[in-house]
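Presented below is the structure to which this report refers.
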Amino acid sequence: MSGQEATLRISPRDPLIFRDGRPFNAGEATRARTRTWPPPSQTTGAVRSLLGKLAGVDFRESAVIERLLALEVSGPLPFRRGKLFFPAPLDFTATGDAGADGAPTAHYPLRPEKPADGGGTDLPGELEPLLLPEEAGDFKPGTPPPFWSRKRIASWLAGSGDFRADYPADGEDDHPEWITTLPTDERTHVCIDPARGSADEGLLFSTSACDFALRDGADETALSILLRVRPGGGPFGDALAAKPDRLATLGGERRTVRVASSDAAPWDCPGEIRAALRGAEQVRMVLATDALFTGGWKPGWLDSQLRGVVPGTGVRVRLRAAAVGRGRYHSGWSYDRSGGRRPGPKPARRAVPAGSVYFFDVEQGSAEELAPRWLEPVSDEPQDALDGFGLALWGIW
């Protein structure tokens with residue numbers, strides 16, 4: 001199976017906890033909070049562990065760990081009703097909440113624009129601010145749906161997105177092109193004294209978890225997680241070729257999920273994006289998963305003048321502007337026992353959040369070369385790219 005790829009679908013049976021890193025110890029905190037969506041490292045680690053078990057390898061061997069880390073896993077991305085979804089791009093602004101007054105919600109793009117005479121910014125280098133068009137006027141921004149379908153994101157990135165006709169109404173949770181809410185499951189627990197087998201007085205705690213709403217086997221309508229795996233051959237490739245369908249655990253409290261091969265293959269670049277990139281002189285990059293850059297918010301493949309070559313291409317670009325969300329911290333726990341290592345915490349790193357948008361001018365090469373880089377990683381470190389950090393979507397502006 002060398003050189004091939006497979007798609008895995010994770011269908012949670014239980015609400016899942018993806019801890020946000022805040023303390024959760026007796027006397028310090030009484031609430032375990034979840035992220036709204038799992039980080040790449042969490043799902044990637046689960047898939048590598050599962051494939052290792054299916055292949056029957058010894059996790060204490062250094063060579064085995066190296067081969068597992070070399071598995072390229074892309075995701076996690078939401079999947080529902082046979083459609084792939086992506087985080088909402090941060091260059092999108094809507095007027096008020098969707099359908100709150102019974103009328104279609106207006107939306108506007110944010111675009112780079114030089115400050116007017118007498119104006120200025122404290123942005124680094126020659127970066128330009130992102131501004132609304134003049135016709136937008138004054139309004140209170142609403143909250144767009146957190147995830148858009150592949151069709152909607154392609155329309156937006158191709159510069160032809162008019163969403164007023166099918167933007168979800170307020171409270172519409174099961175729209176075919178949008179995921180409007182990610183419900184959480186709140187639970188209150190007690191601490192059990194193992195000696196007495198009863199609750200310890202006053203020791204209450206609560207947890208919040210992502211509720212994927214898989215009920216009564218309604219697998220077609222439930223939200224699930226999609227991953228792309230490139231095994232590179234060997235025993236892991238054989239395990240994937242056998243089309244696994246197994247129960248596994250994921251996230252805090254080791255809650256149960258089903259991991260199965262999927263025939264869905266929505267990883268290719270949409271045709272309208274390919275057409276839009278042909279001859280384009282200005283391109284956008286939207287992060288589909290959190291990215292790790294050596295320059296913090298700035299990709300390491302850009303120099304001090306904000307110029308560089310897009311990884312995997314010959315396209316040289318200059319950064320004009322960026323819409324970057326608040327950084328997210330990623331850590332975790334290493335179970336690597338090879339070479340006498342002991343399990344322990346991983347160092348915390350700050351990532352650029354999914355949905356962040358980078359605006360470029362094409363200075364050299366053809367923007368068409370970016371089409372094959374659709375949903376390919378742009379993180380700086382090779383291991384971060386293999387782990388699924390920094391999957392990129394491309395378009396024009």
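Computation of the quantities below employed the complete heavy-atom set of this structure, encompassing side-chain atoms and omitting hydrogens, waters and symmetry-equivalent molecules. Remember, it's a predicted structure, so these values are computed and weren't measured experimentally.
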Of all heavy-atom pairs between [X] and [Y], which one has the smallest distance, and what is that distance?
X: Arg150; Y: Asp268; value: NH2-O, 2.7 Å
X: Pro145; Y: Trp178; value: CG-CE3, 3.8 Å
X: Ala264; Y: Pro266; value: C-CD, 3.4 Å
X: Ile17; Y: Ser208; value: CG1-O, 3.7 Å
X: Leu69; Y: Gln383; value: O-NE2, 3.1 Å
X: Leu90; Y: Ala323; value: CD1-O, 3.8 Å

How long is the span from the [atom1] atom in [X] to the [atom2] atom in [Y], to the nearest 0.5 Å?
X: Leu393; Y: Leu370; atom1: CG; atom2: CG; answer: 12.0 Å
X: Leu77; Y: Ser224; atom1: CG; atom2: OG; answer: 11.0 Å
X: Ile153; Y: Leu157; atom1: CD1; atom2: CG; answer: 5.0 Å
X: Glu272; Y: Lys151; atom1: CD; atom2: NZ; answer: 9.0 Å
X: Leu84; Y: Leu226; atom1: CG; atom2: CG; answer: 6.0 Å
X: Leu223; Y: Ile179; atom1: CG; atom2: CD1; answer: 4.5 Å

Tell me if the [atom1] atom of [X] is crowded by more than 12 foreign heavy atoms within 6.0 Å.
X: Glu126; atom1: CD; answer: no
X: Glu135; atom1: CD; answer: yes
X: Arg196; atom1: CZ; answer: yes

Would you please indicate if the ring centroids of [X] and [Y] are separated by under 6.0 Å?
X: Phe360; Y: Trp397; value: no
X: Tyr108; Y: Phe139; value: yes
X: Phe147; Y: Trp37; value: yes

Let me check something: any side-chain donor-acceptor pairs from residues 284-293 under 3.5 Å, sequence neighbours excluded? List them with distances.
residue: Arg284; atom: NE; partner: Ile396; partner atom: O; Å: 2.7
residue: Arg284; atom: NH1; partner: Asp91; partner atom: OD2; Å: 2.6
residue: Arg284; atom: NH2; partner: Trp156; partner atom: O; Å: 2.7
residue: Arg284; atom: NH2; partner: Ile396; partner atom: O; Å: 2.8
residue: Thr289; atom: OG1; partner: Gly388; partner atom: O; Å: 2.9
residue: Thr289; atom: OG1; partner: Gly390; partner atom: N; Å: 3.1
residue: Thr289; atom: OG1; partner: Leu391; partner atom: N; Å: 3.0
residue: Asp290; atom: OD1; partner: Arg328; partner atom: NH1; Å: 2.8
residue: Asp290; atom: OD1; partner: Ala354; partner atom: N; Å: 2.8
residue: Asp290; atom: OD2; partner: Arg328; partner atom: NH1; Å: 3.4
residue: Asp290; atom: OD2; partner: His330; partner atom: NE2; Å: 2.9

So, are [X] and [Y] salt-bridged, with charged N and O less than 4.0 Å apart?
X: Lys243; Y: Asp245; result: no
X: Asp263; Y: Arg9; result: no
X: Arg274; Y: Glu368; result: no

Flag the pair [X] / [Y] as yes when at least one side-chain heavy-atom distance between them is below 4.5 Å, and no otherwise.
X: Trp148; Y: Pro87; value: no
X: Val352; Y: Lys298; value: no
X: Cys269; Y: Leu375; value: no
X: Thr93; Y: Leu110; value: yes

Between [Y] and [X], do the side chains contain a donor N or O and an acceptor N or O under 3.5 Å apart?
X: Arg258; Y: Ser11; value: no
X: Glu177; Y: Ser149; value: yes
X: Thr44; Y: Asp387; value: no
X: Trp267; Y: Ser74; value: no

Step-by-step salt bridge (charged side-chain N to carboxylate O under 4.0 Å, His left out) determination, Glu128 to Arg318: CA-CA 12 Å; Glu128 299 176 9; Arg318 178 177 77 91; 5.3 Å; no
